[in-house]
Structure formats: structure tokens, C-alpha cells
Amino acid sequence: MNVFRHFRNLVVGEIDAMSKAGELPAALDTSRIGFEPPRERGHGDLATNAAMVLAKQAGMKPRDLAEILAGKLASKEAVLRAETAGPGFVNLTLSDDFWRARLADILAAGVDYGRSDFGRGRRVNVEYVSTNPTGPLHIAHARGAVIGDALASLLEMAGFEVCREYYINDAGGQVDALARSTHLRYREALGGSIGPIPEGLYPGEYLKDVGAALAARDGTRWLNEPESAWLPVIRGFSVDAMMTLIRADLDLLGVHFDVFTSERALVEAGGVERALETLSQRDLIYVGVLEPPKGKAPEDWEPRPQTLFRATRFGDDVDRPLKKSDGSWAYFAGDIAYHLDKFRRGFPVMIDVWGADHAGYVKRMKAAVTAISDGQAALDIKICQLVRLMRAGQPVKMSKRAGTFVALREVIDEVGRDVVRFIMLTRTNDAPLDFDLVAALEQSRDNPVFYVQYAHARARSVLRHAAEAMPGAALSPAALAAHSTRRLTDSAELDLIKTLAAWPRVVETAAEVHEPHRIAFYLHEAAAAFHALWNKGKDDSTLRFLVSDDPEVTLARLALVQAVAIVVASGLRVFGVVPVEEMR
RNA sequence: GCGCCCGUAGCUCAGCGGAUAGAGCAGCCGCCUUCUAAGCGGCAGGUCGCAGGUUCGAUUCCUGCCGGGCGCGCCA
């Protein structure tokens with residue numbers, strides 16, 4: 001049960017009934033009504049803003065309406081008290097029995113606790129990583145990969161039908177440069193002397209293997225051919241090799257996709273012409289001359305007529321070019337075609353996860369999606385700010401030019417997949433992230449990965465001890481759920497239950513706003529509530545989980561401990577992180 | 001010059017328009033014969049960058065400044 005949604009439904013039901021009875025105006029907008037945990041424990045268990053939201057529409061004073069609603073809610077099952085407070089809140093205090101009953105929900109649902117039909121099966125396309133297939137992934141790519149993957153899992157848990165998609169940028173000049181780079185390595189593999197890698201080509205060592213593989217496959221066939229003969233072949237060969245490399249990196253990170261879409265395939269199938277035809281019909285394309293950007297005009301700027309999309313009609317700052325000066329399509333044109341393709345494949349909701357360097361393209365892409373879908377599609381773009389790789393507080397030196405960018409696989413080798421994934425999700429995507437390789441492995445409470453994993457390991461440890469201490473006792477989640485939990489009466493126990501019972505709301509909220517990092521903060525909070533209870537048992541031995549001469553209280557507490565393990569594991573599953581059984 | 005993001009405790013950061021703004025670190029004081037002290041409890045610490053506006057109510061939304069990051073036709 002989502003406690004908050006349950007009571008929201010109750011209050012909205014009461015309001016509808018009052019509207020029908022003529023006690024309130026008809027057709028009130030109840031969409032902004034919500035229930036949330038009050039800031040102060042003393043204010044009860046749940047608070048609603050219903051009276052304040054409706055007061056104006058209802059033509060009543062918030063406090064008066066609050067009094068009426070409180071009266072209606074007071075008689076609901078499990079409600080001990082319904083009180084008005086502050087500017088018009090209604091605060092509910094629920095019975096301890098009600099809260100204890102949530103443990104049975106958790107034990108019955110297992111790691112699916114928190115799953116809901118909030119999304120009602122609506123289809124969402126989440127596109128992420130989508131890097132140029134010109135080399136292995138480096139650490140900066142990992143953030144987008146993990147955020148996209150966790151966001152997709154989160155949406156699935158909240159009841160959306162999700163497609164995880166990767167757009168292969170295999171059509172532009174970058175992959176031609178890749179092909180030329182491979183050709184050099186190919187000549188090298190056949191014994192040729194190639195000297196330094198020219199500016200503009202890819203110097204990475206990883207292309208030596210590709211060149212060698214090409215030499216093994218095709219022999220000397222491309223040595224004396226003109227570029228026009230070998231470029232398409234070697235380009236395809238190289239892109240395939242790079243995608244194999246990238247998929248292997250993603251596999252190490254535990255990131256997988258449902259669909260890979262090739263930009264080149266889309267372009268060659270005429271997708272761009274079709275998309276732009278749609279825009280043309282709506283008079284959204286014209287030939288014009290752009291003003292140079294003020295303050296930072298490129299040195300070789302010269303005014304020239306271009307094929308432009310009327311992005312300014314949809315909130316962008318300037319109209320955007322669709323063709324390069326050589327007549328080929330600009331990347332943006334392909335991206336318009338790609339988003340139209342996604343829309344036509346049945347995704348009215350699209351989420352793109354991009355790197356910080358693409359932030360300047362958000363407006364034009366949103367404008368284009370509005371234009372091609374006639375306002376029927378929604379595009380959300382998550383911009384991942386930079387990751388600063390640190391080691392014990394000192395930045396790790398990286399330079400793209402010198403090729404010393406740290407490869408993702410090196411970082412995974414050093415700290416492990418789960419640590420990389422969790423750390424990448426500890427901050428909002430909008431803010432830069434410091435990733436300290438030393439701090440990430442520290443076993444202390446400063447390290448959120450450790451802190452959360454430790455809570456799970458502790459819970460599992462208690463359950464193992466219980467199995468030894470009570471041989472033959474039925475300790476499965478189902479057996480624990482069937483047992484009475486009324487002996488859970490301490491405030492720390494009830495606080496922990498309330499924290500666990502908030503999990504479905506956290507999932508729903510995080511999914512709604514597309515912010516997976518909220519899960520990390522929740523997990524930290526749940527872990528803290530558990531660690532607090534654990535230590536309370538150190539001060540007061542009657543609060544220990546295992547009480548040898550009192551099986552009733554022990555079994556009740558084991559239900560709570562099992563529920564902690566389940567909720568933490570449920571959250572980690574959204575992150576794609578494996579919960580650990582022990583940390584010795 | 002323009003656009004986007006950020007600005008909250010000494011530091012790192014939470015806080016989808018609500019009540020007395022929270023957590024960790026650092027500082028100070030406490031808690032291990034017992035399920036993992038790799039942890040917990042307490043104290044202290046704030047003009048929520050500044051100034052206006054909208055609102056019953058603004059850290060949250062809007063506008064303008066200030067400071068930092070990223071980006072800025074024919075790269076992807």
C-alpha cells in the first residue's frame with residue numbers, strides 16, 4: 001500500500017461527496033492536493049494541504065475547510081487523530097497497528113514493494129549514452145549511462161512501459177575520421193611506417209587491434225586503393241568494432257539496451273527527407289542568413305544563406321541550420337528525423353540523457369519535437385554535468401587531447417561496478433559531481449555506498465544469527481508476515497516502519513520528476529533509521545532484535561529486520577546495485 | 001554579448017509553493033563483557049548569493065543584478 005496515495009484518495013473522495021451534496025462547488029480542481037510526511041514528528045504521521053489548495057475555489061477560509069475535512073477524516077479506519085494546524089494543514093495520526101500492518105505488505109511483496117501502476121503502462125523511451133562510436137567509454141560517459149539506466153528502472157517500477165535506447169552516431173565526419181585512423185593502423189599492421197597520427201584523427205592505441213583485424217580479414221587489398229574505395233568499408237568495419245568495444249564497457253557497467261538505432265541507417269533510408277518534409281508542409285523551413293553570435297564570432301565567419309528550421313517559433317533563441325555548407329545534413333537534421341522516428345514508433349514521452357556539452361542544444365531539440373509532433377510529444381532532456389575524477393581530494397589529470405582520459409573500465413577495475421553506479425546516482429544530474437576513487441572505497445559513514453550496504457549486511461547478519469539460534473523456526477518472509485508484530489512498540493521501531501512504508505511514495509515521486517538520485521537519499525535515510533535502532537539495542541538490551549527467552553518479540557523484530565533488507569534491496573535494484581550479504 | 005546549469009551551516013550536499021530550513025564531514029561532549037563501534041546519541045553552527053514581484057504563504061515560481069561551471073553557424 002502507498003499510504004500517502006491511500007489517504008489522498010480518501011480525502012478526494014470526501015471532497016467529491018461534498019460537491020455532490022452541494023456543500024462544496026462542483027468540479028473542484030483537486031490535482032494539487034497531496035499528502036506528505038510532516039516536517040515535525042509532533043504533527044502526526046501525515047499532513048495534507050487540501051484545505052489550502054481548495055480554499056479559494058471553494059470560497060472558504062482554509063482553516064474552516066480544514067476543520068470540516070478533519071472531521072470527515074477522523075472517522076476513517078486507522079485514524080487516531082485528525083487535527084488542523086498552521087495555515088490550514090490537516091494532520092493525521094495513525095494507529096500503531098496500521099503502521100505495523102505495513103510490514104506484512106513489505107514481506108508479501110518482497111523487492112517488488114514500491115512497484116505501482118502509477119504510469120498506467122504508458123510508453124516511455126529513454127535514450128542515453130549515444131556516444132560517437134569512435135573509442136571506448138571513459139568515466140564521463142558513465143554518469144549518463146547509469147542515470148539513464150536507473151531512470152529506466154525507476155520508471156518501470158512506477159508502472160511505465162520503458163524502452164532503453166542507444167542512438168549510434170555513425171553518420172557524421174567523426175566516423176570518417178575513425179575510418180582514416182583505422183586505415184593508418186591497418187597499414188601499420190601490414191608493416192608500413194605511419195609516423196605520428198595526424199591532427200584530427202584518433203591516436204588511441206585501441207585502434208591497433210582494429211587495424212590488425214582488418215589486415216587479417218582483407219589482407220593487402222586496401223593498401224593502394226584510393227580513399228573513396230575503402231572509406232565506406234573500413235568505416236563500417238571500424239564502427240562495428242567500436243560498438244563491440246562500447247557494448248563490452250556497458251556490459252561491465254551492467255547497462256543494457258532494448259534498441260540500438262543507427263543514424264546512418266536512418267539517413268540512408270530517407271528518414272531525414274521525410275522528417276523535413278513534415279516541417280516544410282508546416283512552413284517551418286526556409287533559406288536565410290543568420291547573424292553571427294555576438295561577442296564570440298568565429299574567426300572564419302562569413303554570412304551565407306542556409307536552410308533553417310524556424311526554432312524561434314517554439315521558444316528557441318535563433319533559427320537553426322539543417323544543412324552543412326557541403327550540402328549534407330547537419331547532425332541536428334538527423335536528430336529531428338530520429339525523434340520523429342521514436343514518436344512514430346509509439347513513444348509520446350521521450351527522455352534524452354545528454355552530457356553537459358550538449359546543453360546548448362536542448363531548446364532546439366525540444367522545439368523540433370514540438371514541431372514534428374504538432375505538440376503531441378513530450379521530450380525531457382536530462383543534462384549530466386561534468387564528473388571530476390579525484391583521488392584522495394586531488395583531481396586526477398585528464399586531457400582528451402593527450403589521450404589521458406580515464407577509461408571507464410579502469411575505474412570499474414579499481415572500485416567495482418556497484419560503487420561506480422551508486423556514486424553516479426548520489427547527486428542530481430544538474431550539478432557537477434566529484435568522484436573520489438579513495439573515498440568511494442572507504443568503509444565509513446561518509447561513504448554512502450558503504451553506509452547503505454552496511455545496513456543491508458547487518459540486517460542479513462541478524463537473520464543468519466536467528467536461523468542459528470532458533471533452529472527449526474519458520475523465518476521465511478511469509479512466515480514472519482503471518483506472525484503478530486504487536487510487540488513492536490518502541491518509538492525507534494515505529495519510526496523505522498514509517499520510513500520503510502514511505503518507499504512506494506519515494507518511487508512514485510522520483511519517477512514522476514525523472515530524478516533517480518532521490519532514491520540514494522532515501523536509502524541513506526532508511527539505513528540511518530536502522531543503524532539507530534541497532535544501537536538503541538546496545539544501550540538497552542531489551543531492544544535487541546534477538547531476545548532468547550521471548551520468541552514472540554524476536555519474531556516480530558525479525559519481520560522488521562527482514563523488511564529493512566527487502567526495502568534496501570528494492571532500492572538498490574533500481575540502481576542496478578547488488579546488495580551485499582556481509583562485509584567482513 | 002547570448003543561452004543553459006549551479007549558488008542553502010566552516011566543507012560536501014538534501015529539500016516536485018507550506019508549519020520552527022535538514023543530513024554527513026570538520027569541532028566539542030558521550031556510548032563497545034551482548035546480533036558487525038565499519039556504528040549510534042547529544043551540543044554548537046544559517047541575512048537559503050543580492051534586490052524586487054506573484055501568492056493566504058517563497059529556499060522553492062517570475063524579473064533584474066552578482067559570483068562560479070558548461071556551451072555558442074557549416075562537430076556529434
Side-chain angles (χ1 to χ4, degrees), chain A residues 32 34 36 38-40 43 47 49 52-53 55-56 61-62 85-89 91 130-132 134 169-175 177 263 289-298 300-304 306 308 316-318 320-328 330-332 334-335 355-363 383 385-386 426-432 434 442-448 450-451 454-455 457-458 461-466 469 509-510 512-515 517-518 520-521 524-525 528 531-539 541 544-547 557 561 582-584:
Chain A
R32 287 182 56 234
E36 58 182 17
R39 192 166 289 174
E40 299 271 330
H43 289 145
N49 59 357
M52 293 178 287
V53 169
K56 199 169 218 170
K61 289 181 183 169
F89 286 101
N91 293 329
S130 298
T131 177
N132 293 331
T134 55
N169 298 146
D170 55 359
Q174 304 288 332
V175 286
E263 178 186 6
V289 179
L290 289 177
E291 294 290 309
K294 290 187 174 116
K296 202 229 166 209
D300 59 348
W301 177 277
E302 49 181 271
R304 95 166 32 103
Q306 291 180 292
L308 299 168
D316 201 356
D317 308 300
V318 293
R320 303 294 180 176
L322 296 166
K323 277 186 184 174
K324 302 182 200 171
S325 54
D326 67 1
S328 64
Y331 178 77
F332 180 47
D335 225 1
D357 51 343
H358 291 64
Y361 293 76
V362 169
K363 281 189 183 179
I383 295 295
Q385 293 299 328
L386 302 183
T426 52
R427 290 210 56 186
T428 169
N429 56 280
D430 287 328
D434 284 351
E442 215 167 80
Q443 300 208 329
S444 76
R445 63 181 159 182
D446 332 358
N447 180 357
F450 167 77
Y451 190 82
Y454 186 33
R458 270 187 157 170
S461 168
V462 173
L463 293 164
R464 283 193 300 272
H465 279 274
T509 309
E512 185 176 12
V513 299
H514 302 165
E515 292 186 357
H517 75 279
R518 289 168 182 259
F521 288 93
H524 195 274
E525 183 187 335
H531 289 312
L533 181 59
W534 177 286
N535 279 277
K536 216 169 169 184
K538 291 208 164 285
D539 295 337
S541 62
R544 291 167 62 79
F545 299 121
L546 307 178
V547 183
R557 286 175 183 165
V561 170
E582 58 180 341
M583 307 198 82
R584 285 186 187 285

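A note on names: the letters A, B, ... follow the listed sequences, proteins ahead of strands, and every chain is numbered from 1. Excluded from the calculations below are hydrogen atoms, water molecules and symmetry mates; all remaining heavy atoms, backbone and side chain alike, are included. None of these values were measured; they are calculated from a predicted model.
If you check every strand for non-hydrogen atoms under 4.0 Å, A:Ala55 touches nothing. Here A:Glu302 lies in heavy-atom contact (under 4.0 Å) with a base. Backbone-only engagement by A:Ala356 is indicated by non-hydrogen atom pairs under 4.0 Å involving sugar-phosphate atoms exclusively. Nucleic acid contact class of A:Ala330 (heavy atoms, under 4.0 Å, all strands): none. A:Ile383 comes within 4.0 angstrom of nothing in the nucleic acid, heavy atoms only. Among the heavy atoms of the strands, none lies under 4.0 Å from A:Ala469. Counting non-hydrogen atoms under 4.0 angstrom, A:Lys56 reaches the backbone sugars and phosphates but no base. Using a 4.0 Å heavy-atom distance criterion, A:Thr428 is classed as a sugar-phosphate-only contact. Heavy atoms of A:Glu263 sit under 4.0 angstrom from primed sugar atoms or phosphate atoms, though from no base atom.
The base of B:G39 sits within donor-acceptor range of the side chain of A:Asn535, with an N or O pair under 3.5 Å. No donor-acceptor contact under 3.5 Å links the side chain of A:Arg458 to the base of B:U36. If you check distances only, the side chain of A:Asn91 does reach the base of B:A19 with a donor-acceptor pair under 3.5 Å. A donor-acceptor contact under 3.5 Å links the side chain of A:Arg304 to the base of B:C74. Not a single donor-acceptor contact under 3.5 angstrom links the side-chain atoms of A:Tyr361 to the base of B:C72.
In this structure, CG of A:Asp316 is placed 18 Å from P of B:G71, rounded to the nearest angstrom. Note: OH (A:Tyr451) to P (B:A37) measures 13 Å, nearest angstrom. Between the P atom of B:G68 and the CG atom of A:Asp434 lies a distance of 18 Å, rounded to the nearest Å. For the pair A:Glu36 CD and B:G17 C1', the interatomic distance rounds to 10 Å; values are reported in whole Å. As a whole-Å value, the separation of A:Lys536 NZ from B:C35 C1' is 17 Å. The distance between atom CG of A:Asn49 and atom C1' of B:U55, rounded to the nearest whole Å, is 15 Å. Between the P atom of B:C75 and the CG atom of A:Leu322 lies a distance of 13 Å, rounded to the nearest Å. Protein atom CG of A:Asn429 is 11 Å distant from nucleotide atom P of B:A14, rounded to whole Å.
When distances are taken from the side chain of A:Lys324 to each of B:C35, B:C75, B:G1, the shortest belongs to B:C75. Residue A:Pro321 has its side chain nearest to B:G73 when only B:G73, B:G39, B:C5 are considered. Considering only the side chain of A:Trp534, B:C35 comes nearest among B:C70, B:A19, B:C35. Here B:A19 is the nucleotide among B:G3, B:A19, B:U36 with the atom lying nearest to any side-chain atom of A:His43. Among the nucleotides B:G71, B:C74, B:C75, the one closest to any side-chain atom of A:Asp357 is B:G71. Residue A:Asp446 has its side chain nearest to B:C25 when only B:C75, B:C25, B:U36 are considered. Closest approach to the A:Arg32 side chain among B:A14, B:G17, B:C4 is made by B:G17 (side chain taken as heavy atoms from C-beta onward). Picking from B:C74, B:G15, B:U36 the nucleotide with the shortest atom distance to the side chain of A:Glu582 gives B:U36. Here the nucleotide nearest the side chain of A:Lys363, chosen from B:G3, B:A14, B:C5, is B:G3. When each of B:C35, B:C31, B:G15 is scored by its nearest atom to the side-chain atoms of A:His517, the top-ranked nucleotide is B:G15.
B:A26 and B:C35: their C1' atoms are spaced 32 Å apart (whole Å). B:C61 and B:G7 have their P atoms separated by 10 Å, with the value rounded to a whole Å. B:C4 and B:U54 have their C1' atoms separated by 24 Å, with the value rounded to a whole Å. If you take atom C1' in B:G57 and the same atom in B:C5, they sit 28 Å apart, rounded to whole Å. If you take atom P in B:G27 and the same atom in B:G64, they sit 44 Å apart, rounded to whole Å. For B:A14 and B:U8, the C1' atoms lie 10 Å apart once the distance is rounded to whole Å. Using atom C1' as the reference point in both B:C50 and B:C16, the two lie 26 Å apart (nearest Å). A distance of about 36 Å separates the P atoms of B:C2 and B:A19, rounded to the whole Å.
Distance check: A:Tyr454 OH to A:Arg445 CZ gives 11.5 Å after rounding to the nearest 0.5 Å. The distance from the OG atom of A:Ser461 to the CE atom of A:Met583 is 12.0 Å, given to the nearest 0.5 Å. Taken to the nearest 0.5 Å, the CG atom of A:Asp357 stands 10.0 Å off from the CD atom of A:Gln385. Once rounded to the nearest 0.5 Å, the distance linking CG of A:Asp430 with CD1 of A:Ile383 reads 8.5 Å.
Taking side-chain N and O atoms only, A:Thr509 has no distance below 4.0 Å to OP1 or OP2 of B:C16. The phosphate of B:C74 has neither OP1 nor OP2 within less than 4.0 Å of any side-chain N or O from A:Arg320. In this model, the phosphate group of B:A23 is not approached by any side-chain N or O of A:His531 to a distance below 4.0 Å at OP1 or OP2. When the side-chain nitrogen and oxygen atoms of A:Lys538 are compared with OP1 and OP2 of B:A37, one or more of them lie within a distance under 4.0 Å. The phosphate of B:C16 has OP1 or OP2 within less than 4.0 Å of a side-chain N or O from A:Arg518. Residue A:Arg445 places at least one side-chain N or O under 4.0 Å from the OP1 or OP2 atom of B:C25. Applying the 4.0 Å criterion to OP1 and OP2 of B:C4, one finds that A:His358 has every side-chain N and O outside that range. When the side-chain nitrogen and oxygen atoms of A:Trp301 are compared with OP1 and OP2 of B:C74, none of them lie within a distance under 4.0 Å.
Pairs of Watson-Crick or G-U wobble type, with distances under 3.5 Å, assemble into runs of 3 or more in RNA chain B at these ranges: B:1-7 with B:66-72, B:10-13 with B:22-25, B:27-31 with B:39-43, B:49-53 with B:61-65.
The aromatic rings of A:Tyr451 and A:His531 lie perpendicular to each other, with more than 60° between the two planes, well past the 30° mark. Aromatic ring orientation, A:His517 versus A:Phe521: perpendicular (interplanar angle above 60°, classes split at 30° and 60°).
Ring-base stacking between A:His524 and B:A23 is not satisfied when judged by a centre separation under 5.5 Å and a plane angle under 30°.
Nearest-nucleotide mapping onto RNA chain B: of A:His465 and A:Thr131, the residue sitting toward the 5' end is A:His465. Heavy-atom nearest nucleotides on RNA chain B were determined for A:Ala532 and for A:Tyr454, and the one closer to the 5' end corresponds to A:Tyr454.
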Margin query: Could you go through A:Val513 and A:Arg518, starting from their C-alpha distance and side-chain angles, then the distance that decides it, and tell me whether this counts as side-chain contact (heavy atoms from CB on, under 4.5 Å)?
Written below: CA-CA 10 Å; A:Val513 299; A:Arg518 289 168 182 259; 3.5 Å; yes

